Each structure stands twice: as C-alpha cells, then as structure tokens.
Amino acid sequence: MAKSIFSAVLEKLSSFLMIPGEIKRNFELALALEEEIGKVIAHFQDIQSVLQDAESKQVKDANVRNWLKKLKDVAYDVDDVLDEWNSEKLKSQIEKEQKEARNFPLLKKMRNSISSFTFQTILYYKIASKLNGVNEQLDSIATEKDRYKFGLEKVVEEPRRLITASFIDDEEVYGRCQETEILVNVLVGENSSGGGLKLPVISIMGMGGIGKTTLAQLVYNHSDVECHFDKRIWICVSDPFDEIRIAKEILEAFKGESLNLVGNDNILQEIRSHVSGKKVLLVLDDVWSEDATRWEQLRTSLKHCSPGSRILITTRNEKVAIIMGTTSSNLFLLNTLSLEECWSLLSRRAYYGRTREECENLDDIGWKIAEKCQGLPLAAKILGGLLRFKRTREQWQNVLDSEMWDIEEAEQDLFPPLFLSYYELPLAFKQCISYCAVFPKGMILRKDELIKLWMAQDYLKGVRCEEMEIVGEEYFDELHMRSFFQDFRGDELDSGIMKYKMHDIIHDFLLVLMKTECVMLVNHDSEELKVDLSCESARYGTLIRKEAAPTEPNIFRFRKLRSLLIDSSYHDTSSLRLYLPRLFDQLTCLRTLNLSNGLFRNSIEELPDEIGKLVHLRYLNLKNNKKLKELPESLCGLCNLQTLNLKWCDSLKELPCGIGKIINLRHLENDQTNLSLMAIPKGIGRLTNLQTLSLFVVMGNSDTSSLGDLQNLIHLRGLLKISGLGAVCDVTEAKKAELENKKGLRTLILDFTISKGLMSNRWQRDDGRLLEALRPPPCLEELEIWWYSSPTISANWMMGLTKLSHVSLGYCLHLKSLPPLGKLPSLESLYIGGMSRVEKVSVEFLGVEREEILAPSSSLESPSLSVIAFPSLKHLEFEFFDLEEWEDWMPLTSREEHISIMPRLCSLTINSCPKLKALPCYVLHNTSLKQLNISQSPTLSERCRKETGEDWLKISHIPSIMIDSVRIQVNCSSVEEFGVLQFQPLHSSSLSSKNFLEAFSQN
C-alpha cells in the first residue's frame, strides 16, 4: 500500500513542476515553489527504490511497519496539498468563466482580475510553506531508511513459498469427500473423455488456505486414480513458472534418476517419447504465472499421451486456470468447510492428550472459535494447534475474544500465505483491495458502489484514457478472479446488480496491513470511545453507531481521515445534526463521506453550510435520509465531487441552483425522489461528465431545466426516469434531448404526469408525438411508460428495440388498444396495469401481420418459417381495477392456430380484472407455465376452481396455482426449481388499487 500511494503522488508531483505564468512573474515565489517540489520529488525517488523490499518485510518486522507508516503519512499529506492546490485552481477557473459570462463593466473586470491574482499569490505561498514542512519530515525518514538495509527493487527478497509433495495423511483431513468423489469421476469416470480435448486441464481454484493442495493430494492418492493411469506425476510449480525445471522433473519422474540434459528442445523431445502411448496424470500444484507462452511448448510435448490422460492444476486465480486451458466445465471453485467439518479439524488438534471431561468442559467455547475460522481449513489447523497448549477455559475464552490479527500464531502462520496473493498484485490492485479493510466484517459489497469509492480515492486514474468506471470494473473482476471476493449473487429486485462478500480471514489480513491507516470505532452502551493514540493519523475510518449519543465527538480526533463511513443501521441520522457542522469544519481531508440512513423514517433535515469546506470530497452518500428537505448552495463549491447519492430522500424538494458548478459530477443518484422533487435546476446541462442521472423532472417553465438540457449529457448510462412529461407541449424540446445518442442507457422510464402545482394543459398535449420524439437508443433493455394520455401507442421506434427485455405500461387512461408487443424478440417480462378504456386484448397485441395470419399452412411447415408471438416472454402480469372495461382476451381462430404464442411463459398474474370472462386456450394449454396467480377477478376465479371449475382440467398441469391469495396447488419440486414469483413493475412507478381513484382524479 505504501508503494501504491507513493507512486501515485510522485506522478502528480511531476505535473506540478509547470509553474503558472502569473506566478513566474513573482520570481522569488516561483523559485521557492519549484525548489520545494524538486526536493519532494528527489526524496520520493530515493525512497521508492527500496519500497518493495520494505513492504515484504513489514509482515514480520514491526519497526519496518512503523517506518512505512511515517512514510505513508507524508505521502498522504503531500497528496492532500497537491489536491488542495488543484481544487483552488479549478474553483478559480469556474468563477472566472461565470464572471466573464456576466459581461461586467471594464472597471469591475479589472477589480476581479486583481483580486484573483492576489488570491493566487497567497495560495502559492501557502503551498510552498506546506511543502517545506513535508521536506523536513522526509529528511528524517530518509536518514532512518539506512538503518534497515533494504534491498533495491531488483534484488528484493521474495516471500517464502511452501514446497508441496503428493503425500497426505488421510486421518488429518475432514470433509472434502464429495469434492474428491466428483474430481475422481472427472479423471477416471466413463464420461471423462474431456469434451473432445486432446489433453484436458482440470483446475481446482480458491483462496489461499482453503485446501486446494489437500484436495489434489486426496485425488492423486485415490485408489481408482492409481489404477487408471499408467503414470502419475506431482510437481510443485509455485512462482516463477520455470518451464525448464518442470520439464526436467517430468522427465526424471519417468526415468527415476537425475538428468544432465541441457537445452529445452532436447528435454521436450525426451518427454514426448516417454509419454507416447501412456495414460498420464500430471498434477501442477500452486500455479501463479499468467504468461501463456511459458506453458504452450511444454503442453504441446505432453499431447502425445494416450487418450484419457489429464492435467490437474491448483491455483488461486481463475485467469491462470483459463490461460492453462481449463474450460468452464472443468473449473472447480473450492468452497469453505462446514462448521462441523471445521470443528472436527480444529478439535482433533486442540484436544490432543486431553481427557473426555476436559474436552466436554471446553466444547462450548471451542465451537465458537471454530466459527471464527469461517470454514478455512488453514485457520482451523493453526488455531487448533494454538489451543492444544491452552489448558484453561479462561485461556480459550481469551483466544475467542481476540481479533485474529492479535493472535501471534495467526500472524506468523496464517497471514503469510495470504500475503503471497497480495504480493503478486499490481500496485493499483493493492490500493483497491486494501481499502476494503474499512468495511465492517461480513458486509455485503455492491460492485458498483465499491468502484465509486475507489474512484473517490483516485485509485483508478491514468489508465489508457478509459472511463474510470470501466477501469474499476476490470480491477474488481481481476480481484474476484484472484479469490479476494466471494459469494457473488444477482439480485433480481435490484436490477441484476452483483453483490459480493470478502472472507473474514482475508478481511483480518487486510486489517493487519492497514493497522495504522484504518480505524473502526464502535460506540456501545454509552461508553466513551477509546481511541488508540497511534491511530490518530488514520486515513480511513468507520463509525458504527450502536448508541445515538453522546460519543460521536471522538471522531474529531481523526483530522486526517480521507474516508469516513458512518453506519447508521442501529440509529437514525437525526442525532448527527448537532455534530455535522464541527465534523465538516475539522475533517477537511475527507474524500469519501457516507451519511446514509438506515431504514428509519427519522433523519437529518438539512446539511449545514460547512459542507463547502470539504474541498477534497468526491463521494457523498445521503441515501434514505427521508426528512432531508434541501441541500445548501455551498455544496456547489465542491468541484471535485463525483458521486452524490440522494436515493430515497423523498422529502427533498429541490437541488441547489448552482449544481452546474460541480463539473466533475459523474453520478447523481436521485431515484425515488420523484414524489417530492419539483424540478431540476438550470445548469444541469453543463455536467457533461454525468453518467448517472436517475431522475429528470420537467417543470415546463424558464426557471428550470428543460428536456433540451439533456442534449450534452451523452455519457448517461443505466437508468433514466423522466417525469413531468405532461407539462411538455413543445415536441422540439424532446427532440433536442437526443436520447437516441445516449448509447449507455439501458432502462428508460417515461412518466407523463404533471409536476405538483402546475395546471394541466391537456388540450395542448399530444403525448403520441412527444413519445415519438423521445426515441431511445437501440440497445435499450427496459422501457416503462406511465400516465400516457393518447388513445394509441404508435411510436415507430418501439418495435425496433430488439434487445428490450422488460416493458411496463401503466395508467394509460385513454389507451383503447394495446401495442403489438408480441413482435419484440427479446421481451421476457411484461406488466400492463390501470387501463380504463381497453375492452379487449386481440390478435393485434400479438404483433402478427395480416399476411402471416392468412399464410397457407404449407408455407409454414418449415420451422424457420413458423410464426411466433412473444418468443421470449416468461412473466406476464395484467393488473386492472374495478372501473375497467376489459372483458375479452380473444382466443385464436382456426385460421390463426398455426401461430405459436408465448412458448416460454413461466408465470401469469391476473389481478383486479372483474369483467374478464376467460383465458384464451393458448394460455390454458401452455405447458411451460409454472405459476398462475388470479385475484379479485371473480369470473376467472370461478372458472379455475380446483376440481369444479370449468377450466380446471386445462390448468391442472400448472405446478403452482394461487386463487384469491389461497394457494390451491403446489408442486414443491417445481416451485423450488422455479422460485415463488410475485411479479411487479421494476421501478415501483405503479400505485396500489386503493390509491388508484385518487390518482385518477388528480391526473
């Protein structure tokens, strides 16, 4: 981590050697500034050459850790000085541009120019003075460096790597029976042909200490494997990947003697002749290299083995497995042990030589210690060995109460294998993974949020001119492939956003690395927070507020914090309001600030003006502060701000007028503020770096932003909701928005309501023309349209959205017929609700052309010519209300029976459709349907009654059927496989049936 921050600061320093022209006129000041920057660069370059050696020695040497701490403190201070300099220059430039735009008289312009020069001169004197103080600290650190005799970068001593062998004591292994059986079957089973590959590569992948080598040893020594292969060879590869050494060891395994052969080609020719006609198992343990060229020649010489030969590798890195030739079906991700297996492994060592009574006395504590291992076999072995020499309950309790990093044995034996994984990382990756020590243990991490936090710390800059978010995604994926992140899962209710966890032992290891930089504070039982004085220069902090008061003020000791995450999951943020002015006034180095609220209704109601003092701030999270009504104008002075999260701040009425000054803003997350937010201020169009703008509110007057202000926001991606479209009468404004050019948009929600306080201009509205003008990009995946007022939806672009997978149409109160959505080839989920004038759903809804209906059956015999409506649809929901007119869902006529309809439909929900008479046969007979839910639709409910209903025999094949909230049929295995679905519009734009009449009257 020291080398990472050091290199980043050194790169910035070089750019600051270019002294601005106005300062060069003051020769004395320019000389002083240039001299101080030059000294800092010289010091940094001198120290940088030994940093890698210092970082490798810090794991075992506390003095080296202390030296690195001092060094990092100075590097952070320099970075803050340079960032302050940059920020002031940027603010000055913005103010200058604004003043020039106002066309002031000449005399006022001269005054402004003199004032600006005076300010710049004072700023540069201040910067020079701070750098002078830094150089004095660096003098002392450079002198101290010589004591430790660090090696230069080229002769750095690498961390020791364990050399493994094939032997194993089965009695020392617990668990892994199922994994062993699976792998043995892959190697020797009837289906072990390797998928047509000449020499398949099977990979066991997982984090350090999880038992990859142990599993490979179990498989290697399995009796079935011994009998199946003519020759088994075990090689510990480690790092670096020495292909000549590996080739020699393979050859020695065949010959049974050491070799004097020289020349790679001679060795490979010998290997080729020895493996020819033999069924070989080659185990390559602990592979790290990502250089494919080192492996290709060796693998080519091995391809002359008999069919059925295999290569089995163990690695921590999925990328390595792929480079070695592993297919996805042959990649085995090794999971942690169960708690019972972990306890068996730990207790075997811990209870060695004890009586039964002693063991029973320690069982309860022992199980809790086993939980600390989180299923990691290496941790269980180490703690078990430690507990063997702890004789009393008190000593065992002390181990249980200790953090893993405070246990000496863990630091000596458990963390070094993890350090190998860390040591192999590029500098930028080290920064990113080290930052994760700031999160509470076991926290679920959202990939997109983590990338924004890395971005705020400047970890993602200077890479091939790519977007920082793209670079961050690459970094995250690489770290995930190297087993630093686990347990990812997709969350359908959260737009498919991926979530991850970090293993507790890896988190403990990172806390060791970041011990003096990262501080975790918990206020509990109204006790005063105890602060370790050595951590007062910490840069990353988390405050877990288990009590609302009075302990918050202790956070003010950490004046150099660059990141502060305040966990308010126990208490709402309202109690923070007394402390925020002082927090903003004193913690001025913050780049990341999380003030999000838990799931509480109460919260802070305003941000103090002092927020403007956080000049370095790049990430501000105010999510779920439901009583927050406004943001101060001083927020607009934060020119470095990249992310502003206002999700669920549903009392927020307006954004600050000067928001256009936050020119580095990339993510304005303001979804779920549509019920309170009145408008978007003018100036939003100047934020050309914006990638996220969740909600854009159209007010329809000259004092606020119009649709045309979206024109320059070409980088928008993800979700965009436009509300208040009912106030737009000028279609040309919609065309100016140029939504079609925003190629990153994936979800578009169009809300044709009218903002609060505005009268409806319905006689001037033409929602049909407006919808046509709001043409989205062709790559759109989700589309929702609400409160549309024209009688038809005839936008020409809609049927051209070939990637559209979700559509919602809600409260289109004047719509008389549904659009031909059956044409959409990728549509998977469809919600239709609140249509008061739709009387029937006919064949036009299927999107089938007249000539396709009339086509003779002979022309449709070929599968390629068959007509399919809704070819990908899986989930369909109709939600009408008591005043609705929908009576008929038209069945197919005999001329239309050749049309295939909804062949992949899984779930159908019919809610509040009292006049609907029956379901069409193509739904009733659909064999793919797994779930049917009918409610508040009496005619349909009666027809579908179990045993007695007219349509019961037609639907009895459906595994899960619910009628009026009563589940009348459940096939457990099918439901478990399919999941219990309660389909809803993706973005909660719909209203409950109770509020429908009220909403109808308002609109």
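Source: prediction; values computed, not measured.
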Point to revise | Contacts of Phe429 that satisfy ring pair (Phe, Tyr, Trp, His ring centres under 6.0 Å) - sequence neighbours left out | key: Tyr475
Exercise for review: Just jot down the salt bridge (charged side-chain N to carboxylate O under 4.0 Å, His left out) partners of Arg393, sequence neighbours excluded, or say none.
Suggested key: Asp364
Exercise for review: Please confirm whether Lys721 makes a cation-pi placement over Phe696, using NZ or CZ under 6.0 Å from the six-membered ring centre and within 45° of the ring normal.
Suggested key: no
Review point. Pro417: what forms a side-chain contact (heavy atoms from CB on, under 4.5 Å) with it, not counting sequence neighbours?
Key: Arg316, Leu378
Point to revise | Residues in side-chain contact (heavy atoms from CB on, under 4.5 Å) contact with Arg666, at least two apart in sequence or another chain | key: Met455, Glu467, Met468, Glu469, Gln642, Asn689, Gln691
Review point. Checking Asn645 side chain against Leu622 main chain: does a donor-acceptor pair fall under 3.5 Å?
Key: no
**Study point:** Partner set under side-chain contact (heavy atoms from CB on, under 4.5 Å) for Ala437, not counting sequence neighbours
**Key:** Leu510, Leu511, Met514, Cys518
**Study point:** Test: Lys452 and Glu669 ion pair at under 4.0 Å
**Key:** yes
Review point. What pairs of residues pass the salt bridge (charged side-chain N to carboxylate O under 4.0 Å, His left out) test when at least one of them lies in residues 626-641, not counting sequence neighbours?
Key: Lys626-Asp650
Exercise for review: Please name all residues satisfying salt bridge (charged side-chain N to carboxylate O under 4.0 Å, His left out) with Asp77, sequence neighbours left out, ordered by chain then number.
Suggested key: Arg539, Lys560
Practice item. Could you tell me whether Arg591 and Asp79 have a side-chain N and a carboxylate O separated by less than 4.0 Å? Key: yes
Check your understanding: Who passes salt bridge (charged side-chain N to carboxylate O under 4.0 Å, His left out) against Asp609, sequence neighbours left out?
Key -> none
**Study point:** Those residues that, when tested against Cys373, pass side-chain contact (heavy atoms from CB on, under 4.5 Å) (two or more places apart)
**Key:** Cys342, Leu346, Ala379, Ala380, Leu383
Practice item. Go through the structure and list residues passing ring pair (Phe, Tyr, Trp, His ring centres under 6.0 Å) with Phe476, not counting sequence neighbours. Key: Phe485, Tyr500
Review point. Any chance the side chains of Tyr76 and Ser537 put a donor and an acceptor closer than 3.5 Å?
Key: no
**Study point:** Partner set under side chain to side chain donor-acceptor pair (under 3.5 Å) for Arg618, not counting sequence neighbours
**Key:** Asp83
Point to revise | ring pair (Phe, Tyr, Trp, His ring centres under 6.0 Å) partners for Trp343, two or more places apart | key: Tyr351, Trp367
**Study point:** salt bridge (charged side-chain N to carboxylate O under 4.0 Å, His left out) between Glu473 and Lys447, intermediate numbers included
**Key:** CA-CA 8 Å; Glu473 194 152 340; Lys447 180 177 179 178; 3.7 Å; yes
Check your understanding: Does the pair Asp567/Arg545 count as a salt bridge with the N-to-O cut at 4.0 Å?
Key -> no
